[in-house]
Visitor: 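I'd like to ask some things about the structure below.
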Amino acid sequence: MPTVSVGRDRLISALGKSYSQEEFEDLCFKFGIELDDVTTEKAIIRKERHLDEEDGGVGDDDGEIIYKIEVPANRYDLLCLEGIAQALRVFNEEQQTPTYALASIPKDSMLKMHVKPQTSSIRPFVVCAVLRDITFDEASYNSFIDLQDKLHQNICRRRTLVAIGTHDLDTLQGPFTYEALHPKSINFVPLKQEKSFRADELMEFYKSDMKLKKFLHIIENSPVFPVIYDSKRIFLPPPPIINGAHSAITLKTKNVFIECTATDLTKANIVLNTMVTIFSAYCQRKFEVEPVEVLYSDGRSFIYPDLSVYNMEVPLSYITGSIGVSLGAEKVTSLLNRMQLRAEHSVLDDNKCNIHVSVPPTRSDILHPCDVMEDVAIAYGYNDIPKRRLPSMKPLPLNQLEDLIRAEAAMNGFTAVLTWILCSNRENFALLNREDDRSSAVIIGNPRSSDFEAVRTSLMPGALKIIGHNKDHPKPIKIFEVGDVAFLDESKDVGATNRRHLAALYCGTNSGFELIHSLLDRIMEVLGAPFVPIGDNMGYYIQRSDAPEFLPGRQASIIYKGKHIGDFGIVHPQVLNNFVITDPCSFLEIDIEHFL
């Protein structure tokens, strides 16, 4: 998850209340974020330069104390100090959730952004806004720049989906045009440079820049580069690489023009809304944003940013049922208001209650009623939710049976193993002396390795491979596995079915056939299956078999209630040789699903 570094003193000042480190850590935990680390500017520099620490703690002479706060990856409004401070103030009920609005100006007076059709081949979307009469100090300016970087690394996917451009509007003159031009026809002075570069030359120049070279691939091989011009054809540099020196914002900037070019319009809107809602707090008219009209060559026009509120209705029963706590409607609405979600409740004709939630433009993470429910749980406090076992967590009967058999096999001196469910086709058939009938095994299409060509139809190959790879292990070796095998089954909608099997293998100086037989008898006794005469369907019995993987005359089939459920016997010497095993082995395998 993203980690946001903020100055402790400035954060505490923004919260309007003094907190010790322990108190702030507790507040973060209650809100659903985490104080990940406490460090200083000098300590960060020492770490970056791989210098030895002078001592283990944070000293008074190390400069400003920095809190590193870990926030959820989908909470883009928490990627800067201003967003964290506002969210915590609302959570503590020390501030109401702000109401964001567009400046009330006639459409004819709005700044215009004209989009040329050539941009559709590289970055087809652009959204814009203006922050008027903003006042920066050094800290808020740095936070503004840092938020851009955090968004670029997060939702913008390293500028591939969205690139943010910020400009001093007083150095430009609208209307603007968004175009796509050949790189050789583009010339401008990049930010922090003094000479003019042609766009294709700039690509070569920045290949040695550690910070910017990782973004060059986004447009480097494109026949056209995206560019923005103002009405005087003053150039705003090609997104998503670098800003220009002419329109660079400074501490003295009063009007900020923000443009986001993108390949994903939804993410562009989220990014723009995040930037303008958080930093509109520094404008003379707080939480007010000046809109910009974007006009496309096909006649479409849109006004950005879209600060409309998204309304959602969530049944109270869904919220309380999912959390597992009985809460009244008023309590739920109060908790949601603490999470910056304006909420009201209404009672329906059947006495059921619905919660009406108004989602502000800062909360792009609220997509579904489960997100509303999660915010109620956070505000209520996870530690205050009583623990209970959900009905859905009741073990499946098959898993309970498996646990019983595992415990019994272990108490008989066998060691549990876990092998791959995929194997090669040779291991499934030829190495076990079996014929491949082409109608039982699930084959993997286009396998990446010859070792994983099919889903196993038996646990035998995996057990024998373990013995083959542990020939030097002290004898005897007694292992067992309870796991799934798969068979083709046309009656299933997926064309195959899983079965849960038990396998046990004994390897020693003698075959150990009697030990495998005794394990079978014990498992059957625990499962309540009595040994009965051949032909009796009230229990189980064994009868002669001729499976090719076992020695003739030293093997048997297991019949339970008239159904063949498995086999056991002494493994055929040819099979042992196929798996490079030098000692005799006995093997048992049964389908345990017949006991459900």
Side-chain angles (χ1 to χ4, degrees), residues 102-103 105-116 118-119 123 125-136 140-141 144-145 147-148 152 159 162-181 183 185-199 202 219 225-262 268 271-273 275-276 279-280 282-285 288-297 301-305:
L102 297 179
I105 58 176
K107 192 172 183 180
D108 293 341
S109 302
M110 289 182 189
L111 276 175
K112 304 289 193 293
M113 173 70 78
H114 297 273
V115 181
K116 300 295 185 181
Q118 294 81 4
T119 59
R123 297 178 82 83
F125 305 111
V126 61
V127 295
C128 313
V130 176
L131 293 176
R132 288 279 183 188
D133 298 317
I134 193 169
T135 301
F136 284 123
S140 59
Y141 174 83
F144 185 76
I145 300 301
L147 176 59
Q148 290 183 63
H152 276 149
R159 309 187 191 181
V162 185
I164 310 166
T166 55
H167 310 276
D168 187 336
L169 185 57
D170 295 331
T171 66
L172 304 168
Q173 182 68 49
F176 299 92
T177 58
Y178 176 43
E179 308 175 16
L181 302 176
S185 64
I186 302 172
N187 284 275
F188 72 103
V189 179
L191 187 65
K192 298 181 182 179
Q193 299 296 325
E194 296 181 356
K195 74 169 188 172
S196 178
F197 286 84
R198 207 171 61 195
L202 191 68
I219 63 171
F225 286 5
V227 294
I228 297 174
Y229 287 102
D230 73 352
S231 61
K232 296 181 179 180
R233 298 301 285 178
I234 293 176
F235 179 79
L236 280 67
I241 306 303
I242 187 71
N243 279 334
H246 177 83
S247 60
I249 64 170
T250 67
L251 291 175
K252 297 179 180 180
T253 297
K254 300 303 295 180
N255 301 300
V256 178
F257 175 63
I258 303 173
E259 44 83 8
C260 300
T261 58
V271 169
L272 182 65
N273 287 350
M275 292 291 298
V276 299
F279 283 91
S280 60
Y282 291 113
C283 294
Q284 185 175 348
R285 296 175 67 88
E288 184 178 276
V289 183
E290 181 178 318
V292 175
E293 185 178 10
V294 177
L295 301 106
Y296 287 85
S297 57
S301 69
F302 304 92
I303 294 176
Y304 297 108

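These numbers come from a predicted model, not from an experiment. Throughout, numbering of the chain's residues begins at 1 and tracks the sequence.
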Visitor: Quick one: are Leu295 and Ser301 in side-chain contact, heavy atoms under 4.5 Å?
Guide: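 When only atoms from C-beta onward are counted, Ser301 and Leu295 do touch, with a gap below 4.5 Å.
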Visitor: Apply the test side chain to side chain contact (heavy atoms under 4.5 Å, CB included) to residues Arg285 and Arg132: give CA-CA distance (whole Å), side-chain angles for both, the deciding distance (0.1 Å), then the verdict.
Guide: CA-CA 8 Å; Arg285 296 175 67 88; Arg132 288 279 183 188; over 6 Å; no
Visitor: Using the rule side-chain hydrogen bond (donor to acceptor under 3.5 Å, both in side chains), only one of Thr171, Asp168, Asp170 pairs with Asn255; which is it?
Guide: Asp170
Visitor: State the CZ-OG1 distance between Arg233 and Thr177, to the nearest 0.5 angstrom.
Guide: 5.0 Å
Visitor: More than 12 foreign heavy atoms under 6.0 Å from NZ of Lys254: is that the case here?
Guide: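 Enclosed.
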Visitor: Treating Lys116 as the side-chain partner and His114 as the backbone partner, does any N or O pair qualify as donor plus acceptor under 3.5 Å?
Guide: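 Side chain of Lys116 to backbone of His114, a donor-acceptor pair under 3.5 Å: no, none is there.
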Visitor: To the nearest 0.5 angstrom, please state how far the CZ atom of Arg123 sits from the OG1 atom of Thr261.
Guide: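 Separation between the atoms: 4.5 Å.
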Visitor: Which residues pass the side chain to side chain contact (heavy atoms under 4.5 Å, CB included) test with Thr250, sequence neighbours left out?
Guide: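 If we apply the side chain to side chain contact (heavy atoms under 4.5 Å, CB included) test to Thr250, skipping adjacent residues, the hits are Lys252, Thr253.
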Visitor: Taking the side chain from Thr119 and the backbone from Ala180, do they hold a donor-acceptor pair closer than 3.5 Å?
Guide: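 No.
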Visitor: Report the residues that fulfil ring pair (Phe, Tyr, Trp, His ring centres under 6.0 Å) with Phe144, sequence neighbours left out, ordered by chain and then residue number.
Guide: Phe136, Phe279
Visitor: Can you find a pair of side-chain heavy atoms, one from Phe125 and one from Tyr178, that are under 4.5 Å apart?
Guide: no
Visitor: Taking atom CD1 of Ile228 and atom CD of Glu259, what is their separation to the nearest 0.5 Å?
Guide: 3.5 Å
Visitor: I want to check something: taking the side chain as every heavy atom from C-beta on, are Glu179 and Gln118 in contact at a cut-off of under 4.5 Å?
Guide: no
Visitor: With a 4.5 Å limit on heavy-atom distance, are the side chains of Pro305 and Val289 in contact?
Guide: yes
Visitor: Given 3.5 Å as the limit, does a donor-acceptor pair link the side chain of Tyr282 with the main chain of Leu131, or not?
Guide: no
Visitor: Kindly indicate whether the side chain of Leu172, heavy atoms from C-beta on, has any atom under 4.5 Å from the side chain of Ser247.
Guide: yes
Visitor: Locate the shortest heavy-atom distance separating Leu169 from Phe257; write the atom from each residue and the value.
Guide: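 Nearest heavy atoms, Leu169 then Phe257: CD1-CB, 3.9 Å.
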Visitor: Can you check whether Pro291 reaches Ile105 side chain to side chain, under 4.5 Å on heavy atoms?
Guide: yes
Visitor: Nearest 0.5 Å please: distance from the CG atom of Asp230 over to the NE2 atom of His167.
Guide: 10.5 Å
Visitor: For a side chain to side chain contact (heavy atoms under 4.5 Å, CB included) check, start with the C-alpha distance between Met113 and Val127, then their side-chain angles and the critical distance, and finish with the verdict.
Guide: CA-CA 9 Å; Met113 173 70 78; Val127 295; over 6 Å; no
Visitor: Could you go through Val292 and Tyr304, starting from their C-alpha distance and side-chain angles, then the distance that decides it, and tell me whether this counts as side chain to side chain contact (heavy atoms under 4.5 Å, CB included)?
Guide: CA-CA 6 Å; Val292 175; Tyr304 297 108; 5.7 Å; no
Visitor: Supply the atom-to-atom distance Asp108 CG to Glu293 CD, rounded to the nearest 0.5 angstrom.
Guide: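 Output value for this atom pair is 8.5 Å.
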Visitor: Do Ile145 and Ile249 have side chains that get closer than 4.5 Å, going by heavy atoms?
Guide: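 Result yes, sub-4.5 Å side-chain heavy-atom pair found.
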Visitor: Would you sort out whether Ile303 and Lys107 count as a side chain to side chain contact (heavy atoms under 4.5 Å, CB included), showing the intermediate values?
Guide: CA-CA 9 Å; Ile303 294 176; Lys107 192 172 183 180; 4.3 Å; yes
Visitor: Rounded to the nearest 0.5 Å, what's the gap from OG on Ser140 to CG on Leu147? Could you check?
Guide: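 Here the interatomic distance stands at 12.5 Å.
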